[in-house]
Amino acid sequence: MQINRSVALVGRPNVGKSRLFNRLARRRISIVHDEPGVTRDVVSAVVDDDYLLMDTGGLGMEIAGTPAMLTKATHEQVDFAIASAVLIILVVDAQTGLVPQDEQIAKR
C-alpha cells in the first residue's frame with residue numbers, strides 16, 4: 001500500500017500535538033507528558049489506510065537543560081515533516097491563545 005498524502009502536526013512545545021496525534025491515530029503511539037520537549041523525533045502512523053500522520057517536536061522555545069545540538073536536530077526533524085507534508089496543521093494552546101511564537105511557526 002502506498003500512501004500519497006501526509007499531514008504534519010506542528011507547534012510550540014506542550015500545546016497538545018502528541019495528544020491530538022494519538023487521538024487521530026486512535027491509539028497511544030506518541031508519549032504525552034506535562035514536561036515540554038518529550039517529542040523530539042517525527043513520530044508517524046498511517047490513519048485509516050488513507051494518510052500518513054506525523055507528530056513533531058515543539059518549535060519556538062528553548063527548553064532549559066536541552067543541549068543546543070538536540071534543539072537544532074529537533075528543528076531539522078520538524079523541517080523534514082513540513083517539507084514532506086501535503087497538509088500542515090498548526091496546533092496552538094487554546095488557553096494561552098495565539099502568541100508571537102505561533103505566528104513565527106506559521107510563517108515557516
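Values below: all heavy atoms of this structure, side chains included; hydrogens, waters and symmetry mates excluded. Note that the structure is a prediction, hence the values are computed from the model and not measured.
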Would V86 end up clustered with I82 when hydrophobic side chains under 4.5 Å apart are linked, directly or stepwise? no
Would you say L59 and R108 make side-chain contact, with heavy atoms under 4.5 Å? yes
Could you check if a side-chain atom of R12 sits within less than 4.5 angstrom of a side-chain atom of D93, using non-hydrogen atoms only? yes
Taking atom [atom1] of [X] and atom [atom2] of [Y], what is their separation to the nearest 0.5 Å?
| X | Y | atom1 | atom2 | value |
| --- | --- | --- | --- | --- |
| I89 | L20 | CD1 | CG | 6.5 Å |
| T56 | H75 | OG1 | NE2 | 9.5 Å |
| L87 | L52 | CG | CG | 12.0 Å |

Sequence neighbours left out, what passes salt bridge (Lys or Arg N to Asp or Glu O under 4.0 Å) with R23? Give chain and number order. none
Quick one: list whatever passes salt bridge (Lys or Arg N to Asp or Glu O under 4.0 Å) with R27, sequence neighbours left out. none
Check the surroundings of atom CZ in R28: do more than 12 heavy atoms from other residues, nucleotides or ligands lie under 6.0 Å from it? no
For the OH atom on Y51, are there more than 12 heavy atoms of other groups (residues, nucleotides or ligands in this structure) within a distance under 6.0 Å? yes
Closest heavy-atom pair and its distance - [X], [Y]:
| X | Y | result |
| --- | --- | --- |
| S18 | D55 | OG-OD2, 2.6 Å |
| M54 | S44 | CG-CB, 4.1 Å |
| S30 | F21 | OG-CD2, 3.5 Å |
| L90 | G11 | CD1-CA, 4.0 Å |
| V42 | A81 | CG2-CB, 4.0 Å |
| A85 | S6 | CA-OG, 3.2 Å |

Salt bridge or not between E76 and K72? Use side-chain N to carboxylate O under 4.0 Å. yes
Kindly say whether V99 contributes a backbone atom to a donor-acceptor pair with the side chain of D102 at under 3.5 angstrom? yes
With side-chain contact (heavy atoms from CB on, under 4.5 Å) as the criterion, how do V15 and V92 come out once you've worked through the C-alpha distance, each side chain's angles and the decisive distance to 0.1 Å? CA-CA 6 Å; V15 293; V92 299; 5.6 Å; no
